[in-house]
Amino acid sequence: MYSPAEVARRYVETGRSKAALPTGRMLLLGMLAGAFIALAGGSATFAVSYGGRLAGAAVFPAGLAMVLLAGSELFTGNCLLVIPLLERQLTWGRMLRSWGVVYLANVLGAGLVAALTVAAGTFDGVYESVVATAAAKAGLPFLTALLRGVLCNFLVCIAVWMSLAAQSVPGKLAAMYLPIFTFVLCGFEHSVANMFYLPLGQLCGASVTTAQVWLNNILPVTLGNIIGGAVFVSSIYYFVYVRKAREAAKQ
């Protein structure tokens, strides 16, 4: 495996390349990531309905596995772009463009899967669970949603970080699995997953308005995801492994 310091150094170039993707390609890759997370969320819905939260937590990591191995752009994982930003290898404009395009694409990909699965009758046997999940998420107090978003993306970015340390496909899968399992089991909030769960609930009859979807959940969760990934993972690892190494090299 690569050491944490090696992961940090390698991500400076990786992040710069991700942010330099053409808009059209970034949009398509972002839609794929939204779809991957949504499909994992759909599978986890059945797992929770039949086996409880533990079963759902065991299934949901399939989403990040598809994102990382099939190739796509996920907003929450891209909070790590703060590392090349702090290293001055990426401008604020480039990073915010990447975040904006990928975020929109994740919304489109997750929403499309929600619409297609409902049209296909996928959730006919678990409507009550789908509706209850959407209602619960849309009913969270702002601070609760934000803090659950912080905790969630701390774990998601740690999962991505650990996968980057592995040099084999089995190693990457094993590395990312437990942090994602942990966040789902704890009930933390993932903005991209909620781009699926909440519209899905609306399509299945949940009494939730679009304003409630965004103002009560997706926006505070997104803000929390940014804090969790950009501040508590990216910034800390930058100062520990990139800046300190550069300062040591000058001495």
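On a predicted model such as this, the values are computed, not experimentally measured, just so you know. For reference, positions follow the sequence shown, starting with 1.
- Between atom CG of residue L151 and atom SG of residue C186 there is a gap of 8.5 Å, rounded to the nearest 0.5 Å.
- Counting non-hydrogen atoms of other residues, nucleotides and ligands closer than 6.0 Å to CZ of F232 gives a total of 12 or fewer.
- In this structure the side chain of I83 reaches within 4.5 angstrom of the side chain of V12, judged on heavy atoms.
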Can you check side-chain contact (heavy atoms from CB on, under 4.5 Å) on F181 and L54, steps first, answer last? CA-CA 9 Å; F181 177 93; L54 187 66; 3.5 Å; yes

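- Taking both residues in full, the closest heavy atoms of A19 and R97 are given as O-NH1, 3.0 Å, listed atom of the first, atom of the second, then distance.
- For F188, there are no ring pair (Phe, Tyr, Trp, His ring centres under 6.0 Å) partners two or more places apart in sequence or in a different chain.
- Using a 4.5 Å heavy-atom cutoff, the side chains of L85 and L81 are not in contact.
- Here CD1 of I37 is found 6.5 Å from OG1 of T76. Values are rounded to the nearest 0.5 Å.
- Of all non-hydrogen atoms in S191 and T222, the two that sit nearest each other are CB-OG1, 3.5 Å.
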Quick one: do V221 and H190 satisfy side-chain contact (heavy atoms from CB on, under 4.5 Å)? Show the steps, please. CA-CA 7 Å; V221 169; H190 189 274; 5.8 Å; no

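- Within the structure, ring-ring contact (aromatic ring centres under 6.0 Å, His included) pairs that include any residue of residues 104-134 comprise F46-F123 (at least two apart or interchain).
- To the nearest 0.5 Å, the span separating CZ on R16 from CZ on R88 amounts to 15.0 Å.
- Between the CD atom in E13 and the CG atom in L90 there is a gap of 11.0 Å [rounded to 0.5 Å].
- To the nearest 0.5 angstrom, E87 atom CD is 4.5 Å from Y238 atom OH.
- Here the closest heavy-atom approach between residue I226 and residue C79 is recorded as CA-SG, 3.9 Å.
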Show, in sequence, the C-alpha distance, side-chain angles and deciding distance for T144 and R148, and conclude whether the side-chain contact (heavy atoms from CB on, under 4.5 Å) test is met. CA-CA 6 Å; T144 299; R148 290 184 183 182; 3.4 Å; yes

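- Residue L68 is grouped with residue F36 when hydrophobic side chains (ILVMFWY) are merged at heavy-atom distances under 4.5 angstrom, including chains of intermediate members.
- Proximity of S72 to M66: side-chain heavy atoms (C-beta onward) are nowhere separated by under 4.5 Å.
- Under the 4.5 Å side-chain heavy-atom criterion for grouping Ile, Leu, Val, Met, Phe, Trp and Tyr, L185 is connected to I158 within one hydrophobic cluster.
- Counting only heavy atoms from C-beta outward, the side chains of Y2 and Q167 approach each other to under 4.5 Å.
- Other residues, nucleotides and ligands place more than 12 heavy atoms under 6.0 Å from the OH atom of Y103.
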Begin from the C-alpha positions of V233 and N153 and carry the test side-chain contact (heavy atoms from CB on, under 4.5 Å) through to its verdict. CA-CA 9 Å; V233 178; N153 211 35; over 6 Å; no

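- When side chains are defined from C-beta on, N78 counts as touching W99, because their heavy atoms get closer than 4.5 Å.
- The structure places CG of L215 at 8.0 Å from OG1 of T209, a figure rounded to the nearest 0.5 Å.
- L80 and F239 end up in the same hydrophobic cluster when Ile, Leu, Val, Met, Phe, Trp and Tyr side chains are linked at under 4.5 Å.
- Put simply, the side chain of N225 gets close to the backbone of G149: a donor and an acceptor are under 3.5 Å apart.
- Looking at V101 and E73, their side chains never come closer than 4.5 Å, going by heavy atoms from C-beta outward.
- Taking 4.5 Å as the limit, some side-chain heavy atom of F196 sits within range of a side-chain heavy atom of T117.
- Considering E189, K137, Q212 as possible partners of N217, the one that fulfils the side chain to side chain donor-acceptor pair (under 3.5 Å) test is E189.
- By the criterion of side-chain heavy atoms lying less than 4.5 angstrom apart, applied directly or through intervening Ile, Leu, Val, Met, Phe, Trp or Tyr residues, V126 is not grouped with V59; the two fall into different hydrophobic clusters.
- At least one side-chain heavy atom of V192 sits less than 4.5 Å from a side-chain heavy atom of L74.
- The two residues F75 and V102 have their closest heavy-atom pair at N-CG1, 3.4 Å.
- Scanning both residues, V113 and L39, for their nearest heavy atoms gives CG1-CD2, 3.8 Å.
- Listed here is the closest heavy atom pair of P199 and N194: CD-O, 3.5 Å.
- Atom CD of E128 sits in a sparse spot, with 12 or fewer heavy atoms from other residues, nucleotides or ligands closer than 6.0 Å.
- Cluster annotation: L86 is connected to Y11 through the hydrophobic network of ILVMFWY side chains, with a link wherever side-chain heavy atoms come within less than 4.5 Å.
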